[in-house]
Amino acid sequence: LVLRLLAAHRTQVELRSLELAAAKIVVAAAVVREGKLLVQQRSYPMSLAGKWELPGGRVEPGETEVEALVRECHEEMGVVVRPLGRLGPDIPLPGVGLLRTHTAWLDAADVQPRAVEHRAVRWVAAAHLAGLDWVAADRVLVPALVALTEQV
Ligand code: CDP
């Protein structure tokens with residue numbers, strides 16, 4: 001009986017680690033400059049086109065979250081960012097994993113992000129953040145984003 005219980009426990013532990021392995025992290029960047037937050041407007045898929053989100057994307061195998069954030073910002077906007085630390089809660093992304101946000105600085109003060117993969121890139125003041133048509137996960141972050149944007 002003891003052996004059978006141990007075996008059952010081990011199966012549960014293995015299933016649990018499979019679940020954790022499957023919970024993919026999507027990293028997002030909260031970049032603030034001169035009292036404004038950098039946001040992007042999605043161009044795809046159709047269901048999300050026109051909605052606003054923080055820059056970011058999936059952490060690839062073998063990559064740290066910070067590396068993924070730097071890579072995604074470079075791919076999406078042609079800029080180099082320096083991640084500073086976590087912001088706000090992890091947000092569940094149904095069927096995908098977890099959205100985890102880091103604050104980040106733009107490497108150079110004069111550089112302008114471009115919309116490479118998105119429809120538009122915009123700098124938005126704290127007072128206008130709540131009024132954006134956010135994707136669902138990012139909307140949860142709005143209070144944390146307003147607080148961050150007001151303090152910088
Ligand atoms: O480029 P990659 O496929 O790595 O990432 P993505 O397609 O931009 O995002 C992966 C998933 O995270 C999608 O389901 C996005 O909708 C979601 N996401 C999000 O909810 N909020 C963000 N700021 C970025 C991505």
Side-chain angles (χ1 to χ4, degrees), residues 13-152:
V13 169
E14 279 163 6
L15 282 175
R16 179 96 188 100
S17 30
L18 275 178
E19 265 171 38
L20 287 176
K24 289 270 161 49
I25 302 289
V26 176
V27 282
V31 180
V32 178
R33 191 162 76 184
E34 293 166 10
K36 291 181 177 174
L37 177 77
L38 188 55
V39 293
Q40 301 200 97
Q41 190 176 35
R42 287 198 71 109
S43 54
Y44 72 93
M46 280 262 274
S47 57
L48 295 180
K51 294 199 179 279
W52 295 86
E53 67 175 12
L54 297 176
R58 280 171 238 256
V59 178
E60 301 293 345
E63 206 178 35
T64 65
E65 287 178 28
V66 164
E67 285 166 349
L69 200 74
V70 171
R71 176 183 52 73
E72 288 284 350
C73 287
H74 193 255
E75 284 173 7
E76 293 183 349
M77 304 179 295
V79 296
V80 178
V81 300
R82 278 183 206 283
L84 291 174
R86 300 264 302 266
L87 178 83
D90 285 345
I91 319 283
L93 294 170
V96 179
L98 283 177
L99 182 69
R100 180 169 292 167
T101 309
H102 292 242
T103 52
W105 296 121
L106 272 187
D107 211 30
D110 55 344
V111 74
Q112 277 311 326
R114 294 175 284 127
V116 177
E117 295 173 355
H118 283 68
R119 190 179 281 179
V121 176
R122 197 185 284 173
W123 292 99
V124 177
H128 297 128
L129 288 175
L132 284 182
D133 185 14
W134 291 96
V135 303
D138 297 53
R139 171 160 289 285
V140 181
L141 292 164
V142 165
L145 295 172
V146 169
L148 174 77
T149 308
E150 279 173 343
Q151 99 195 11
V152 174

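Order of listing sets the numbers, starting from 1, for every ligand and every atom in it. Just so you know, these numbers use all the heavy atoms, side chains as well, and skip hydrogens, waters and symmetry mates.
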Shortest protein heavy-atom distance from atom 14 (O) of ligand 1, along with the residue and atom involved: Val96 CG2, 3.8 Å
Under 3.5 Å: N/O of Pro55 near N/O of ligand 1: no
Inter-residue atom distance His128.NE2 - Arg122.CZ, 0.5 Å rounding: 10.5 Å
For atom 5 (O) of ligand 1, the protein heavy atom that lies nearest, with its residue and separation: Gly57 CA, 3.5 Å
Spacing of His118 atom NE2 and Gln41 atom CD [to the nearest 0.5 Å]: 9.5 Å
Sub-4.5 Å side-chain heavy-atom contact between Leu84 and His102: no
Closest protein heavy atom to atom 20 (O) of ligand 1, given as residue, atom name and distance to 0.1 Å: Leu93 CD2, 3.4 Å
Spatial distance of atom CG (Asp90) from atom OG1 (Thr101) [nearest 0.5 Å]: 8.0 Å
Ligand 1 atoms in contact with Leu48 (distance to a heavy atom under 4.0 Å): 16 (O)
Best match, Arg42, Lys51, Glu117, Gln40: closest heavy atom to atom 8 (O) of ligand 1: Arg42
Within reach of ligand 1, part of Glu75 (heavy-atom separation under 4.0 Å): neither
Atom 3 (O) of ligand 1: the protein heavy-atom neighbour that sits closest, reported with distance to 0.1 Å: Arg58 NE, 3.4 Å
Option nearest atom 19 (C) of ligand 1 (shortest heavy-atom distance, choices Leu141, Asp138, Val26): Asp138
Side chains of Trp134 and Val140 in contact at under 4.5 Å (non-hydrogen atoms): no
Protein residue, atom and distance nearest to atom 24 (C) of ligand 1, heavy-atom basis: Glu53 OE1, 3.5 Å
Arg119, CZ: over 12 other non-hydrogen atoms inside 6.0 angstrom: yes
Audit row: Glu67, Arg71, salt bridge (Lys or Arg N to Asp or Glu O under 4.0 Å) steps and yes/no: CA-CA 6 Å; Glu67 285 166 349; Arg71 176 183 52 73; over 6 Å; no
CG on Leu129 to CG on Leu141, rounded to 0.5 Å: 11.0 Å
Shortest protein contact, atom 1 (O) of ligand 1 (heavy atom only): Glu72 OE2, 3.8 Å
